[in-house]
Structure formats: C-alpha cells, structure tokens
Amino acid sequence: MKARTIKKDKVNIITMGCSKNLVDSEVLLSQLKGNGIDARHESNARDNNIVIINTCGFIDNAKQESVNTILEYAAAKDKGLVDKVYVTGCLSQRYKDDLELEIPQVDAFFGTRDLPALLKKFKADYKHELVGERLLSHSAHYAYMKISEGCDRPCSFCAIPLMRGGHVSRPIEELVKEARHKAAQGTKELLLIAQDSTYYGLDLYKKRRLADLLNALADVAGIEWIRLHYAYPTGFPMDVLDVMAARENICNYLDIPLQHGSTEVLKTMRRGTSREKQEELIQTIRAKIPDIAIRTTLIAGHPGEGEKEFEEMVDFVQRMRFERLGVFTYSHEEDTHAHTLEDHVPAALKQERANRIMEVQEQISFELNQQKVGKTFKVLIDKKESGHFVGRTAYDSVEVDNEVLIDAGKFYCPVGDFVSVKITGATEFDLYGDVV
C-alpha cells in the first residue's frame, strides 16, 4: 500500500499599485524563501496552491483593479484551483471589515504593517537577519529602496496616512547595508522611494538628513546611479541640491509632486505652499543644477478647481516646462479632508482637463527631446522588446519616463549594462539611437 504524499505548498505573490508595494512584496518573498517556503512573484506557472495579493487602495481605479483581482482568485478557490487566498496591502488595511463581509472566500486579510502576522500563517518567523536583503522581482540591475514608511502630511486628497500610518524613517546604517548587499548582487541603480522623501530623518534624528543619506549611499562601491523620488516641495532641504551637484553617481533627476498650479487650489489641497513659492523652488533647483530633469505629477478636478484655476495650471505647466509630467484625475476618497468638500467637477470634465494638460506636456516633451538629437548619452539597458533594446538615460526613471530604443538588428546591448548611445531621432516620449 502506497504512503500518501503531502503536496508541498507553492506560493504566488501578486502585486498591485506602486513601487512601494513592489518593495513590500519583495521583502515578503525573501522572508518566505528564507523560511524554506517555495514562493514566487507573479509566476505564470499556475502550479501554486496559495495566492497572496498585495493590494492598492490609492484611488478608485486602483481600488477596483485590486478588488477584481481578489474576486478572480476567490473564484479560483471556489473551483478548487487554489487552496488559500490571503490579501494584504493598502486596500486591505483600509477596508478590511468590508472586504471580510463581501469576499468570505479570502482566508485572511492583513494590513500594511502586518508582515509577521502573515508569516505566521505559514508557520514562518520574521527573520531579522534578512533585513536589507530582498529578492528582486525584476532584473537585478536596478532596485527600489524604500527609505521611510508612512506620511505625516495633511494633504486633503490623500488617503496614504490612513493606510500606511505616520512617517517612520529607516536608519542610514540599515539603508547603506541594503545598498551594499544590492551592489554585490549586481544592482547598479538605486531608486529611492518614500511617501515623502524630504521628511527623511526628522523622526529618527530630529532633523532632515536626506542629504546625509544620499552622501552615504553615493559612497557604496558599484552603485552608479542614485535616483530620488517623491520629494515633497514644502520645506524642501536645499542641501540635497549641493550633494546632487557634488556626487557624480546621484542622477540629475528629481521627482517632486507639485499637484497643482493654482494658489487657491493648493490652499484647498492643504499643501502648505503657493504657485509663486513652487515656481521659485523650481527656478532655484534649476539654477543650482542646470542639467536637471524634473518630474512632477498634477491632479485635475480637485474640489475648488473651476475654469480659472484650471487655466492657471495650464499656464503653470507652460511656464515651468517640466521635463517629465503625469496627471491624475481627482478621486473623491472617503475619510480624507477633501471628502468633506463637494466633488463638483464631472468625471468626463476631469478627464478632459487631464488630457489637455498632457497635450501641452507632449509638445514640451517633444521640443525638449528634439534638443537631444545628435548628442550622446550614457544609457542603462533594461530589456529587449519588439526588435529593440530598451534603455534609459540618467534623466529617466523606470516605467514612468522616456525610453531609448536601439535597433536590435544593428546593435547588441546586454541587459543591465551601460552603453553610450548617440540619439538619432526623437518623438514626444521616446528617443532613438545608435551605440557608439
């Protein structure tokens, strides 16, 4: 008589939302594997019997996508295709009670800081020796580095503090250790992320220490690019610009979400700044780092935005000529300050306004890209796709910015390597070039 074999669990982690969620999934993956559990990130093998969905709860579209994914795997569980479904992340943190009622097939819901509790479901322990060591879900040549968690800002439209809690910085020593570990694994680019990177250090060191952190990370051998994301404009630490100017491996790139170009709307948003102060900040940054690419994000249709305020934002974009820009339509999020205000701009008009901003930006981006034709840039190769090697300059971040396309029929570029590329053509959001 044959002994019955117990099928070993296989775990698939699905990630929704932003790069901060991706980091959390990579940490979870490392912890599971460190405990001897067979786990993968977004595996297509379909041989897993346990699914963990790391959700996003930021705006309506993201919430709906997360809910649809949970429902998809709940249905798979009903059909016997998976044994267990766990849900974690921002949506779960924010709507746990509602989700438990609506989707009972899910075995357990966890919040954004419940990793040890989630691991216990696998009879696994949180291994402190793995702090700073995480398995990347993509090519090793770049890595996101979360320098802090949570946010203390009072922005009217934002539900992040509800889901992620207050601001907590990670110690410089811990981040340097992580950078060294990544460099040893072949990482060449670090993308620093946080809910608010300019707040870094205030809780731990009683002063802003983002400049000190950048200096410490720039000293790590093997890290050739360091890229700064999500810098809140109010109280921006100017010593960061001095470090950026002095250190060659800190990219002349700054992601600084400004959200609007109307002082009245900025006031309603509770951003603690004005259009004039924002323009002055951008001018100061460009004066100190003339060769900088500034990325920003804006919101169309926030309460209080009439035609006059919207036109002010259009004018703001035209005047500032941002190198990189994205637009969200306003999402009326419960439990935020803005939810107490009237969501008076119809959805179609919000989208129309967002489209108009992007039309203005497309022209600016086209003109700026045309200026690159004939010039040679250091390019980091990310992937091969549709007959091209696809890379980025120091002025472009992963997935959100311009890409450099190199004809794979003419040139070979190893993924993860730097190559020199002469730009031969340009569109609004892509550059074309030859390896030199």
Side-chain angles (χ1 to χ4, degrees), residues 16-18 21 55-72 90-91 94-95 98-99 102 155-160 162-163 230 255-271 273-275 278 295-367 399-402 427-430:
M16 320 297 294
C18 69
N21 259 18
T55 58
C56 178
F58 183 47
I59 55 176
D60 285 340
N61 289 347
K63 286 189 285 188
Q64 193 57 55
E65 187 180 4
S66 290
V67 169
N68 290 345
T69 303
I70 299 169
L71 291 171
E72 177 189 336
C90 291
L91 189 81
R94 194 173 176 194
Y95 300 109
D98 294 335
L99 291 167
E102 296 292 330
C155 303
S156 64
F157 53 84
C158 188
I160 293 294
L162 301 173
M163 299 180 286
Y230 315 128
D255 183 335
I256 184 163
L258 297 173
Q259 309 301 6
H260 215 279
S262 160
T263 295
E264 283 306 307
V265 177
L266 289 167
K267 187 176 178 181
T268 306
M269 286 178 162
R270 309 206 299 182
R271 294 286 287 172
T273 188
S274 65
R275 171 177 173 156
Q278 290 193 155
R295 156 164 278 278
T296 197
T297 47
L298 301 171
I299 296 175
H302 189 279
E305 183 191 274
E307 283 299 326
K308 172 179 172 289
E309 289 77 19
F310 173 68
E311 290 299 335
E312 287 176 8
M313 180 157 64
V314 173
D315 181 65
F316 178 63
V317 172
Q318 289 170 331
R319 279 170 52 80
M320 292 296 97
R321 292 179 65 81
F322 297 104
E323 285 74 16
R324 313 283 180 258
L325 184 144
V327 186
F328 291 99
T329 54
Y330 170 72
S331 179
H332 206 45
E333 296 295 314
E334 58 266 43
D335 300 322
T336 62
H337 173 74
H339 200 261
T340 65
L341 308 172
E342 184 189 354
D343 184 16
H344 65 93
V345 184
L349 183 55
K350 288 176 186 174
Q351 191 57 57
E352 189 181 305
R353 288 177 177 178
N355 292 346
R356 176 143 175 242
I357 293 285
M358 285 313 299
E359 285 171 10
V360 172
Q361 180 59 29
E362 280 180 16
Q363 184 60 33
I364 293 168
S365 184
F366 178 77
E367 290 168 7
E399 295 182 347
V400 294
D401 291 329
N402 292 2
T427 63
E428 292 91 335
F429 301 118
D430 287 318

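For Val345, the side chain to side chain contact (heavy atoms under 4.5 Å, CB included) partners at least two apart in sequence or on another chain are Leu349, Lys350, Arg353. Glu65 meets the side chain to side chain contact (heavy atoms under 4.5 Å, CB included) test with Met16; sequence neighbours excluded. By the side chain to side chain donor-acceptor pair (under 3.5 Å) test, Asn355 is found to be paired with Gln351, residues two or more places apart in sequence or in another chain being considered. Residues satisfying the ring pair (Phe, Tyr, Trp, His ring centres under 6.0 Å) test with His339, not counting sequence neighbours, are His332. Evaluation of the ring pair (Phe, Tyr, Trp, His ring centres under 6.0 Å) rule for Phe322 yields Phe316 as partners, not counting sequence neighbours. For Asp401, the side chain to side chain donor-acceptor pair (under 3.5 Å) partners at least two apart in sequence or on another chain are Tyr253, Arg295.
Atoms CD and OG1, from Glu305 and Thr268 in turn, are 10.5 Å apart once rounded to the nearest 0.5 Å. To the nearest 0.5 Å, atoms CD1 (Ile357) and CD (Glu362) are separated by 12.0 Å. Between the CE atom in Met358 and the CG atom in Leu325 there is a gap of 6.0 Å [rounded to 0.5 Å]. Taken from CD in Glu323 to OG1 in Thr296, the straight-line distance is 11.0 Å, to the nearest 0.5 Å. For the atom pair Phe366 CZ and Gln361 CD, the distance stands at 14.0 Å (nearest 0.5 Å). Phe310 CZ to Asp315 CG: the interatomic distance, rounded to the nearest 0.5 Å, is 11.5 Å.
Checking side-chain atoms of Asp343 against main-chain N and O of Pro303 turns up no donor-acceptor pair under 3.5 Å. Side-chain N or O atoms of Glu311 include none that pairs as donor or acceptor with a backbone N or O of Lys308 at under 3.5 Å.
A pairwise comparison of heavy atoms in His302 and Ser156 identifies NE2-OG, 2.9 Å as the closest pair. Summarising the geometry of Thr273 relative to Leu266, their closest heavy-atom pair is O-CB, 3.9 Å, with the distance given to 0.1 Å. Pairing each heavy atom of Thr297 with each of Pro257, the nearest pair is OG1-CB, 3.3 Å. Taking all atoms of both residues into account, the shortest heavy-atom contact from Ala300 to Met313 is CA-CE, 4.2 Å. In terms of heavy atoms, Asn402 sits closest to Glu428 at OD1-O, 4.3 Å. Across Ala354 and Val327, no two heavy atoms sit closer than the pair CB-CG1, 3.7 Å.
At a cut-off of 3.5 Å, with distance as the only test, a side-chain donor of Ser262 or Glu312 sits close to an acceptor on the other residue. For the residue pair Gln278 and His260, no side-chain donor N or O sits within less than 3.5 Å of a side-chain acceptor on the partner. Glu72 and Asn68 share no donor-acceptor pair across their side chains, judged by distance under 3.5 Å alone.
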Salt bridge (Lys or Arg N to Asp or Glu O under 4.0 Å) between Arg94 and Glu333, worked out: CA-CA 11 Å; Arg94 194 173 176 194; Glu333 296 295 314; 2.7 Å; yes

Verdict with reasoning, Ile70 to Leu91, per side chain to side chain contact (heavy atoms under 4.5 Å, CB included): CA-CA 11 Å; Ile70 299 169; Leu91 189 81; 4.1 Å; yes

Side chain to side chain contact (heavy atoms under 4.5 Å, CB included) assessment of His337 paired with Phe157: CA-CA 7 Å; His337 173 74; Phe157 53 84; over 6 Å; no

Pair Arg356-Glu352, salt bridge (Lys or Arg N to Asp or Glu O under 4.0 Å): steps then yes or no: CA-CA 6 Å; Arg356 176 143 175 242; Glu352 189 181 305; over 6 Å; no

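For the pair Thr329 and Ile299, the minimum side-chain heavy-atom distance is 4.5 Å or more. Inter-residue side-chain proximity for Arg275 and Arg319 is flagged as met; some heavy-atom pair is nearer than 4.5 Å. In this structure, Cys155 and Arg271 have side chains that are in contact, with non-hydrogen atoms separated by less than 4.5 Å. You'll find the side chain of Gln259 stays beyond 4.5 Å of the side chain of Leu298, heavy atoms only. Using a 4.5 Å cut-off on side-chain heavy atoms (C-beta onward), Cys90 and Cys56 make no contact. The shortest side-chain heavy-atom distance between Leu258 and Ile256 falls under the 4.5 Å cut-off.
Salt-bridge annotation for Arg321 and Glu367: present, with a side-chain N of the basic residue lying under 4.0 Å from a carboxylate O of the acidic one.
Summarising the local packing, CZ of Phe328 is surrounded by 12 or fewer heavy atoms from other residues, nucleotides or ligands at distances under 6.0 Å. Dense packing is recorded around CD of Glu334, with more than 12 heavy atoms of other residues, nucleotides or ligands lying under 6.0 Å away.
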